[in-house]
Amino acid sequence: SVDYKFAPSWDAEEIMPWFSAIDGDVQCDGYAGYAREFEDQGGTTFVAVPAGKRLGCTMHVRSKFHAALLAADKRAAIGLKYIADLYKIEAECKAAGLDAAGRTAVRLERSVPIFDQLYSWIGGIHPKLLPSSPLRTATTYAINQRPYLRRCFEDGRFEIDNGRVERRIRPFAVGRRNFLFTGSTRGGERLAIAYTLVDNCLLLGLDPRAYLEDILVKVASGWPLARLVELTPARWAIEHAR
């Protein structure tokens, strides 16, 4: 399932309650707020996404090198070639239908050496780059993400990027830039709820319009608050399948 939440700012405190409640691993981009320190009511210090639970994203690393290449720095093509080789191995694993253990074995044997070659090249070229150059931006980002990214290649349970999430939020990110304002904080919260319902319908193969028409009629007709969970897309899909 998917869940969207409206945040009125980029402040790390906005995302802290969400991420600190996750028990498992979190795959994310390079936003600095994930490593922000907080203090709970008992005075214990913690971070939103602990380093040991954090996973990097190869796609975000690649995008920085791609931007450098578009800026006419042909040296970025070297980094892109290493990354392309890593994705080729992932495609082969998928085509072979490997499970997590199988992917782990392949990654340790083939991907990790390429990963190390990529970072050896980054380590060699990084000090020679101008601080303001696009390639320096790419290598800096990659260096900061190295420990989180390596965890992905050492465990076949994990994907090597969070592209699936990025593809799902793309329409909403584009929409946000187009309409710019949601009217109010409350309007933004309502929009996040609508996105959550509609996108879960799409994931489940439901017609969002048919779903929304049905539940809105039921709510308007006095549907009991104690039974609202029955109107979630997942429960609605089960009932209509019967």
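Numbers here are sequence positions counted from 1.
Here His240 contributes atom NE2 and Leu206 contributes atom CG; the two are 9.0 Å apart, rounded to the nearest 0.5 Å. Here SG of Cys201 is found 8.0 Å from CG of Asp207. Values are rounded to the nearest 0.5 Å. Atom CG of Asn162 sits about 13.5 Å away from atom CZ of Arg168, to the nearest 0.5 Å. Leu55 CG to Tyr148 OH: the interatomic distance, rounded to the nearest 0.5 Å, is 11.0 Å. Here CD1 of Ile83 is found 11.5 Å from NZ of Lys81. Values are rounded to the nearest 0.5 Å. Separation of atoms CG (Leu212) and CH2 (Trp236) is listed at 9.0 Å; rounding is to 0.5 Å.
The pair Arg157-Asp155 meets the salt-bridge criterion, with a side-chain N (NZ, NE, NH1 or NH2) lying under 4.0 Å from an Asp/Glu carboxylate O. A salt bridge is absent between Arg170 and Glu166: the closest approach of a Lys/Arg side-chain nitrogen to an acidic carboxylate oxygen does not fall below 4.0 angstrom. The pair Asp11-Arg36 meets the salt-bridge criterion, with a side-chain N (NZ, NE, NH1 or NH2) lying under 4.0 Å from an Asp/Glu carboxylate O. Using a cut-off of 4.0 Å between Lys/Arg side-chain N and Asp/Glu carboxylate O, Arg110 and Asp85 are scored as not salt-bridged. Taking a cutoff of 4.0 Å between a charged side-chain nitrogen and a carboxylate oxygen, Glu154 and Arg151 do not qualify as a salt bridge. A salt bridge links Glu213 with Arg209: the distance from a Lys NZ or Arg NE/NH1/NH2 to an Asp or Glu carboxylate oxygen falls below 4.0 Å. Looking at Lys5 and Glu14, no side-chain N of the basic residue comes within less than 4.0 Å of a carboxylate O on the acidic one, giving no salt bridge.
Ala76 and Ala68 get closest at one heavy-atom pair: CB-CB, 3.8 Å. Shortest non-hydrogen contact noted between His60 and Ser63 is O-OG, 2.7 Å. Residues Pro134 and Ala71 come closest through the heavy atom pair CG-CB, 3.8 Å. Listed here is the closest heavy atom pair of Leu130 and Ser133: O-OG, 2.8 Å. Residues Gln145 and Tyr119 come closest through the heavy atom pair C-OH, 4.3 Å. Residues Phe153 and Ser111 come closest through the heavy atom pair CD2-CB, 3.8 Å.
Panel note: side chain Lys53, backbone Asp23; a donor-acceptor pair is recorded below 3.5 Å. In terms of modelled atom types and a separation under 3.5 Å, the side chain of Arg103 and the main chain of Gly156 share a donor-acceptor contact. Panel note: side chain Ser120, backbone Asp116; no donor-acceptor pair is recorded below 3.5 Å. A donor-acceptor pair is defined here as one N or O able to donate and one able to accept, closer than 3.5 Å; such a pair exists between the side chain of Tyr211 and the backbone of Leu231. Of the possible polar contacts, one joining the Gln27 side chain to the Gly56 backbone as a donor-acceptor pair under 3.5 Å is found. Listed for the Asn144 side chain is a donor-acceptor partner under 3.5 Å among the backbone atoms of Thr140.
Within the 4.5 Å cutoff, the side chain of Arg107 has heavy atoms near those of the Ile160 side chain. A 4.5 Å side-chain heavy-atom check between Glu159 and Arg164 finds every atom pair outside the cut-off. A heavy-atom distance below 4.5 Å is found between the side chains of Ile122 and Phe65. Asp25 is not listed as a side-chain neighbour of Arg54, based on a closest heavy-atom distance of 4.5 Å or more. Inter-residue side-chain proximity for Arg75 and Leu129 is flagged as met; some heavy-atom pair is nearer than 4.5 Å. Counting only heavy atoms from C-beta outward, the side chains of Ile78 and Trp121 approach each other to under 4.5 Å. Looking at heavy atoms from C-beta onward, Leu202 lies in side-chain contact with Pro208 at the 4.5 angstrom threshold. Side-chain atoms of Ser184 and Glu189, non-hydrogen and from C-beta on, never get closer than 4.5 Å to each other.
Under the 4.5 Å side-chain heavy-atom criterion for Ile, Leu, Val, Met, Phe, Trp and Tyr, Ile238 and Leu203 are members of distinct hydrophobic clusters. Clustering ILVMFWY residues whenever any of their side-chain heavy atoms sit less than 4.5 angstrom apart, transitively, puts Tyr141 in the very cluster that holds Leu135. Under the 4.5 Å side-chain heavy-atom criterion for grouping Ile, Leu, Val, Met, Phe, Trp and Tyr, Val229 is not connected to Ile215 through any hydrophobic cluster. Residues Tyr87 and Phe158 do not share a hydrophobic cluster, clusters being chains of Ile/Leu/Val/Met/Phe/Trp/Tyr side chains in contact below 4.5 Å. If you chain together hydrophobic residues whose side chains sit under 4.5 Å apart, Phe46 and Val49 never meet in one group.
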Exercise. List the steps and the verdict of side chain to side chain contact (heavy atoms under 4.5 Å, CB included) for Phe115 and Leu149.
Key: CA-CA 9 Å; Phe115 181 91; Leu149 199 59; 3.9 Å; yes
Practice problem: Would you please test Ile169 and Tyr195 for side chain to side chain contact (heavy atoms under 4.5 Å, CB included) and show each step? | Solution: CA-CA 10 Å; Ile169 67 174; Tyr195 283 161; over 6 Å; no
Practice problem: Kindly indicate, with the supporting measurements, whether the criterion side chain to side chain contact (heavy atoms under 4.5 Å, CB included) is fulfilled by Arg136 and His126. | Solution: CA-CA 6 Å; Arg136 174 75 177 227; His126 179 76; 3.2 Å; yes
Exercise. Take Leu228 and Trp223 through the side chain to side chain contact (heavy atoms under 4.5 Å, CB included) test and state the conclusion after the steps.
Key: CA-CA 7 Å; Leu228 278 180; Trp223 188 268; 4.2 Å; yes
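A side chain to side chain contact (heavy atoms under 4.5 Å, CB included) with Leu86 holds for exactly one of Ile114, Val112, Asp161; it is Ile114. If you run side chain to side chain donor-acceptor pair (under 3.5 Å) between Tyr4 and each of Asp199, Asn200, Thr196, only Asp199 comes through.
Under a cut-off of 6.0 angstrom, the local environment of CG in Leu70 is crowded, with over 12 non-hydrogen atoms contributed by other residues, nucleotides or ligands. Counting heavy atoms of neighbouring residues, nucleotides and ligands inside a 6.0 Å radius, atom CD of Glu39 exceeds 12 of them.
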